[in-house]
Amino acid sequence: MLKIAIQKSGRLSEKSLELLAEAGINVANSDRKLVAQASNFPIALLYLRDDDIPQCVYDGVADVGVVGENVLLETGYKLDVVERLGFGKCRMSLAIPKSEKYDGIAWFNGRKIATSYPKILQDFLNKNSVQASIHHISGSVEISTGVGIADAIFDIVSSGSTLISNGLKEVDVALHSEAVMVGKRAQLEQEPEKIATLEKLMFRLQAVQKGRKSKYVMLNAPAASVEKIISVIPGMKSPTVVPLAQEGWCSVHSVLPEGQIWEIIDQLHSLGAQGILVMPIEKMIL
Ligand code: ATP
Ligand code: ZN
């Protein structure tokens, strides 16, 4: 039985469960007791506070865990990242009152910075040869400058709106974080059954993730333009081209990377493509 620690409730919980559900793993546990077993896969879920997940995996209470890289780095446990999961994206940034003139990282020399992430901050300051004092607080970091307990803050930022509403401006990014699956590879390799389950799970998670990063595109094009159209679409292997009932027209099907979809569509459109359909892909196995 492979034990997976996930966040009990918070920003990563729903997304972690969603990913497992899309990988076909059924966990019936509406009241989220501490442990829940999957009905169709040799997996048990442990619901924990995210801060406790790295230690649990390190101590072997769980075999793998889903946690933000920020929490992993802050707790300092040496674990292997088995898979990057593509959700829970955020950055850890330094911010100062917006009225301050910022002239580079040396601004922080001799200043006081409030944060809940003293380790990540100290590592970043050391790397940049900045000497500042760190004021460790566990919450409401964003109000620290307003109430006069610090000159600056170091905190998680996603949209930046919390900073703005507290009269702050983001001046430097120390870390880009996302949810990762962590484990102790050397330990897992000694347990063939667990590693087999993990590999099976990874295969499914990767299929779901690849699907999320791609779109299935279908379009109609005059036969004379098909060659040019194919040249702008980076297909999975090669695009499918099917003749249409209407003479001189073809239908082209392919898989496109989500991030480039609009640029490619613009090009396809200008090459005479019509009836362009873009559809989500649930799973993708190459
Ligand atoms: P717990 O009760 O489990 O200790 P928490 O309050 O410490 O939860 P959450 O706020 O649920 O943690 O955030 C969990 C993780 O989500 C963060 O550590 C970070 O990796 C990620 N995350 C993504 N976007 C944000 C954001 N805007 N603010 C905070 N965390 C974010
Ligand atoms: Zn936490």
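Reckoned from all heavy atoms, side chains included, excluding hydrogens, waters and symmetry mates. Along the sequence shown, residues carry numbers from 1. Numbering of ligands and ligand atoms starts at 1, following listing order.
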Of all the non-hydrogen atoms in the protein, which one sits nearest to [atom], and at what distance?
{"atom": "atom 24 (N) of ligand 1", "answer": "Cys90 CB, 3.6 Å"}
{"atom": "atom 23 (C) of ligand 1", "answer": "Gly88 O, 3.5 Å"}
{"atom": "atom 17 (C) of ligand 1", "answer": "Asn70 ND2, 3.7 Å"}
{"atom": "atom 2 (O) of ligand 1", "answer": "Arg49 NE, 3.6 Å"}
{"atom": "atom 10 (O) of ligand 1", "answer": "Arg11 NH1, 3.1 Å"}

In ligand 1, which numbered atoms sit nearer than 4.0 Å to a non-hydrogen atom of [X]?
{"X": "Asp51", "value": "4 (O), 7 (O)"}
{"X": "Gly68", "value": "20 (O)"}
{"X": "Val71", "value": "18 (O)"}
{"X": "Gly10", "value": "11 (O)"}
{"X": "Ile156", "value": "25 (C), 26 (C), 28 (N), 29 (C), 30 (N), 31 (C)"}

Does Lys169 count as lying over the ring of Tyr102, i.e. NZ or CZ under 6.0 Å from the six-ring centre, within 45 degrees of the axis?
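Negative - Lys169 is either too far from the ring of Tyr102 or too far off its axis.
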What do we get for [X] next to ligand 1 when only non-hydrogen atoms under 4.0 Å count, side chain, backbone, both or neither?
{"X": "Asp50", "answer": "both"}
{"X": "Gln7", "answer": "side chain"}
{"X": "Lys89", "answer": "backbone"}
{"X": "Leu12", "answer": "side chain"}

Yes or no on side-chain hydrogen bond (donor to acceptor under 3.5 Å, both in side chains) for Ser93 and Glu170, after CA distance, side-chain angles and deciding distance?
CA-CA 6 Å; Ser93 294; Glu170 185 178 1; 2.5 Å; yes
Let me see the working for Val182 and Val82 under side chain to side chain contact (heavy atoms under 4.5 Å, CB included), right down to the final yes or no.
CA-CA 5 Å; Val182 292; Val82 181; 5.8 Å; no
I need the Lys112 NZ to Ile149 CD1 distance, nearest 0.5 Å.
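Atom-to-atom, Lys112:NZ and Ile149:CD1 are 7.5 Å apart.
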Apply side-chain hydrogen bond (donor to acceptor under 3.5 Å, both in side chains) to Ser251 and His253, showing your working.
CA-CA 7 Å; Ser251 173; His253 303 193; 3.0 Å; yes
Got more than 12 heavy atoms from elsewhere within 6.0 Å of [atom1], [X]?
{"X": "Gln131", "atom1": "CD", "result": "no"}
{"X": "Tyr58", "atom1": "OH", "result": "no"}
{"X": "His136", "atom1": "NE2", "result": "yes"}
{"X": "Lys210", "atom1": "NZ", "result": "yes"}

Looking only at side-chain N and O atoms, does Asn126 offer a donor or acceptor that is under 3.5 Å from a partner on Gln122?
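Yes, because at least one side-chain N or O of Gln122 sits under 3.5 Å from a partner of the opposite role on Asn126.
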Is any N or O atom of Ser158, backbone or side chain, closer than 3.5 Å to an N or O atom of ligand 1?
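Among all N and O atoms of Ser158, at least one is under 3.5 Å from an N or O of ligand 1.
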ILVMFWY network linking Leu163 to Ile96, side-chain heavy atoms under 4.5 angstrom
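Looking at the clustering, Ile96 is in a separate group from Leu163.
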Tell me the protein N, O or S atoms under 2.8 Å from the Zn ion (ligand 2), in chain and number order.
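Metal shell, protein only: Asp50 OD1, Asp51 OD1.
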Apply the side-chain contact (heavy atoms from CB on, under 4.5 Å) test between Leu188 and each candidate in Thr197, Asp80, Leu2; give the one that qualifies.
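The residue from Thr197, Asp80, Leu2 that satisfies side-chain contact (heavy atoms from CB on, under 4.5 Å) with Leu188 turns out to be Leu2.
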Quick one: does Glu69's side chain have a donor or acceptor within less than 3.5 Å of a partner on Glu178's backbone?
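Looks like yes, one N/O pair under 3.5 Å.
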So, are Lys119 and Asp123 salt-bridged, with charged N and O less than 4.0 Å apart?
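Salt bridge: yes.
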From atom 8 (O) of ligand 1, is the closest protein heavy-atom distance below 4.0 Å?
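Yes, there is a protein heavy atom closer to it than 4.0 Å.
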